[in-house]
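What follows is a set of notes on a single structure, which appears directly below.
Just so we're clear, the structure is a prediction, and the values are computed from it rather than from any experiment. Just so you know, these numbers use all the heavy atoms, side chains as well, and skip hydrogens, waters and symmetry mates. Position 1 is the first residue of the sequence, and the numbers go up from there.
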Amino acid sequence: MEGMKKWKESEKGSITMFVLTAMLFMLMILGISYFGISNKATSQNHKIENIGKEYQNSNEEMEQVYRETLNQVSLTIEQAQNDSMFQKTENTQTMDPNGNRIQIPAGFKVTKDTTEVTKGIVIEDIEGNQFVWIPVGDIYTNREGTEKKTITLGRYHFASDGIPSEYTGNYQEENSDKSENLLKYGNKIAKEIERFKLSAKQNGGYYIGRYEAGDQTATISGVTNLEGIRERIVCKAQQVVYNHVTQPQASTLSQEMYENYRFTSDLMNSYAWDTAIAFIQEFSGDNQYANQKSIQSTLARTGEATNGTNKDVRCNIFDMAGNVYEYTTETGTSEYPCVARGDSYKGENDTTAERVLFGTLQSSDNLSFRPILYF
């Protein structure tokens with residue numbers, strides 16, 4: 001019995017040790033599980049914290065971009081319509097309701113014709129000269145920014161259905177070497193065509209005259225002074241068209257319209273004309289404006305050409321299709337180097353996109369021009 005008792009005592013002790021060992025083993029397992037779970041939870045928490053930080057950083061970056069945009073777009077479109085804009089000596093920037101940016105030259109304000117880029121934003125200076133913004137790049141058409149169309153700066157040929165394709169004809173792009181071009185042909189090319197192209201792309205657009213060039217000094221109804229080049233042009237409605245001018249004279253007048261180091265004025269170039277047609281066809285509802293002919297058979301004042309009650313106006317731009325041919329800085333042939341665009345009231349049966357050649361010294365009552373602005 002003693003042995004049995006001892007065995008039982010020793011068995012009891014063994015059982016106790018076994019139980020204790022088992023309990024310790026269980027505790028270790030629980031501890032390992034706990035720390036494993038705890039570590040996993042901590043890891044998950046770290047992941048969540050990191051995601052939160054990344055989200056916060058992302059939001060902060062988005063906020064920073066938004067703030068930078070707001071800083072760049074220093075004016076609302078309504079503020080840009082205020083007469084105080086005439087006093088500004090620096091170029092400014094605004095944005096239309098769909099988020100499309102608009103550059104505004106120093107000394108200009110936005111008119112109340114429209115606040116939407118797709119309808120043709122109009123600016124004017126203190127003297128009433130007006131220009132229309134031709135957007136380049138992605139143009140948003142709704143306020144959510146989910147719908148857009150793209151206007152690409154280019155020289156185009158327009159098919160009979162109005163669809164544009166890259167121009168591959170023989171007429172030369174504006175030459176970068178003025179002296180060589182003048183020596184060979186006598187016409188004047190763009191002031192700085194590469195700078196114009198870069199500016200249009202970087203700034204999201206450029207301006208063209210809302211009207212053909214006008215002559216405020218004209219004394220003959222419908223005909224400008226025939227005594228030669230006048231001092232200054234205007235770009236306003238109801239003016240006598242500045243005609244009887246040669247292409248080199250038109251270039252000089254356009255470049256000297258504004259002598260402001262904040263922006264540049266120049267004679268219409270081939271990129272500016274063709275891209276304006278592309279813009280008009282995309283947003284005016286007239287997808288064949290490139291093939292439009294002059295709508296009346298008598299010379300009209302600026303913005304006054306009509307066919308009954310209809311005017312030649314698209315996206316707030318008047319008379320690109322007709323009234324008078326308009327000189328550009330594109331180069332034609334050695335014999336007829338001056339390229340004009342559009343049709344004239346004399347019914348030559350040309351169109352908005354037509355390229356018509358003239359000599360360097362050629363001028364008439366159905367030949368005029370249109371200035372452009374860029375930054």
Side-chain angles (χ1 to χ4, degrees), residues 105 120 123 129-134 136 151 153-156 158 167 171-175 178 181 187-197 199-200 205-214 233-236 241-243 245-258 263-280 289-290 302-303 312 314-332 337-344 350-358 360 362-363 366-375:
I123 60 167
N129 294 299
Q130 296 187 338
F131 294 80
V132 176
W133 179 248
I134 306 298
V136 171
I151 299 296
L153 185 75
R155 297 172 74 215
Y156 294 113
F158 293 87
Y167 177 73
Y171 301 156
Q172 300 174 32
E173 177 182 356
E174 284 72 5
N175 202 320
K178 296 180 184 179
N181 200 80
N187 63 311
K188 289 187 70 173
I189 59 168
K191 192 172 185 178
E192 293 181 272
I193 191 63
E194 294 303 323
R195 182 166 162 245
F196 166 80
K197 290 192 286 186
S199 171
Y206 59 94
Y207 287 95
I208 70 170
R210 189 179 192 183
Y211 309 98
E212 302 140 332
I233 62 173
V234 295
C235 198
K236 306 177 184 179
V241 173
Y242 203 121
N243 51 13
V245 60
T246 66
Q247 191 270 353
Q249 289 173 338
S251 175
T252 298
L253 285 162
S254 297
Q255 291 181 7
E256 293 180 353
M257 184 177 186
Y258 295 99
F263 60 90
T264 299
S265 61
D266 200 1
L267 179 61
M268 178 75 69
N269 63 60
S270 57
Y271 287 90
W273 185 274
D274 287 340
T275 305
I277 294 176
F279 163 67
I280 288 170
Y289 186 65
T302 56
D312 176 9
R314 306 288 189 283
C315 296
N316 283 320
I317 305 165
F318 287 79
D319 300 327
M320 283 184 69
N323 196 35
V324 288
Y325 290 121
E326 299 186 32
Y327 277 127
T328 69
T329 56
E330 195 172 39
T331 299
C338 304
V339 179
R341 306 299 295 270
D343 192 18
S344 92
D350 294 311
T351 64
T352 313
E354 198 76 42
R355 287 170 161 87
V356 185
L357 300 185
F358 293 93
T360 306
Q362 205 163 344
S363 67
N366 68 332
L367 259 174
S368 186
F369 60 101
R370 189 181 305 249
I372 64 171
L373 305 178
Y374 63 93
F375 300 92

Can a donor-acceptor pair be found, under 3.5 Å and without considering hydrogens, that links the side chain of S368 to the backbone of N243?
no
To the nearest 0.5 angstrom, please state how far the CE atom of M257 sits from the CD atom of Q255.
13.5 Å
For the residue pair I233 and F369, establish whether any side-chain heavy-atom pair is separated by less than 4.5 Å.
yes
Nearest heavy atoms of G214 and Y242, plus distance in Å:
O-CD1, 3.5 Å
For S251, run the side-chain contact (heavy atoms from CB on, under 4.5 Å) check against L267, T246, I189 and tell me which one passes.
L267
May I have the step-by-step check of side-chain contact (heavy atoms from CB on, under 4.5 Å) for S363 and Q249, ending in yes or no?
CA-CA 10 Å; S363 67; Q249 289 173 338; 5.9 Å; no
Distance under 6.0 Å and angle within 45° of the ring axis: does R355 meet both against Y167?
yes
Closest heavy-atom pair, V245 versus Y327, reported as atoms and distance to 0.1 Å, is O-CE1, 3.2 Å
Mind checking whether L357 and V339 have side chains closer than 4.5 Å, heavy atoms only?
yes
How long is the gap from CD1 on I372 to CE on M268, to the nearest 0.5 Å?
6.5 Å
For D319 and G303, which heavy atoms make the closest approach, and how far apart are they?
OD2-N, 3.1 Å
Report the C-alpha distance between T275 and Y206 in whole Å, list the side-chain angles of each, state the deciding distance to 0.1 Å, and finish with yes or no for side-chain contact (heavy atoms from CB on, under 4.5 Å).
CA-CA 10 Å; T275 305; Y206 59 94; 3.3 Å; yes
N129 side chain vs C235 backbone, donor-acceptor pair below 3.5 Å
yes
Working to the nearest 0.5 Å, report the span between OH of Y156 and OH of Y271.
10.0 Å
Is there a side-chain contact between T351 and E354 in this structure, where contact means two heavy atoms from C-beta onward sitting under 4.5 Å apart?
yes
Among Y374, Y258, Y207, find the residue that satisfies the ring pair (Phe, Tyr, Trp, His ring centres under 6.0 Å) test when tested with F263.
Y258
Do side-chain atoms of E174 reach the backbone of E330 as a donor and acceptor pair under 3.5 angstrom?
yes
Do V241 and Y211 pass the side-chain contact (heavy atoms from CB on, under 4.5 Å) test, and can you show the C-alpha distance, the side-chain angles, and the key distance before you say yes or no?
CA-CA 9 Å; V241 173; Y211 309 98; over 6 Å; no
When rounded to the nearest 0.5 angstrom, what distance separates CD in E326 from CG in N366?
11.5 Å
For the residue pair Y325 and F358, is the inter-centroid distance of their aromatic rings smaller than 6.0 Å?
yes
List the steps, then state whether side-chain contact (heavy atoms from CB on, under 4.5 Å) holds for F196 with D266.
CA-CA 10 Å; F196 166 80; D266 200 1; over 6 Å; no
Taking all atoms of both residues into account, what is the closest heavy-atom pair of C315 and V132, and its distance?
O-CG1, 3.7 Å
Do D350 side-chain atoms and D343 backbone N/O form a donor-acceptor pair below 3.5 Å?
no
Looking at T302 and E212, would you say the former's side chain and the latter's main chain have a donor-acceptor pair under 3.5 Å?
no
Can you tell me how far CG of N316 sits from CD of Q130, rounded to the nearest 0.5 angstrom?
9.0 Å
Is S344 reaching over with its side chain to a backbone N or O of N323, donor-acceptor style, under 3.5 angstrom?
no
Check whether any side-chain N or O of R155 sits under 3.5 Å from a backbone N or O of W273 as a donor-acceptor pair, and report yes or no.
no
Heavy-atom side-chain proximity of I123 to P105 below 4.5 angstrom
yes
Contact check, side chains of I317 and R370, non-hydrogen atoms, under 4.5 Å
yes
Please find the pair of heavy atoms, one from M320 and one from D312, that lie closest to each other, and give the distance.
N-OD2, 3.6 Å
Heavy atoms of F158 and A353 approach each other most closely as CD1-CB, 3.6 Å
Test item: Q247 side-chain N/O and T328 main-chain N/O as donor-acceptor pair under 3.5 Å:
yes
Residues R341 and D274 bridged, charged N to O under 4.0 Å
yes
Does any N or O in the side chain of Y289 come within less than 3.5 Å of the main-chain N or O of A321, such that one atom is a donor and the other an acceptor?
yes
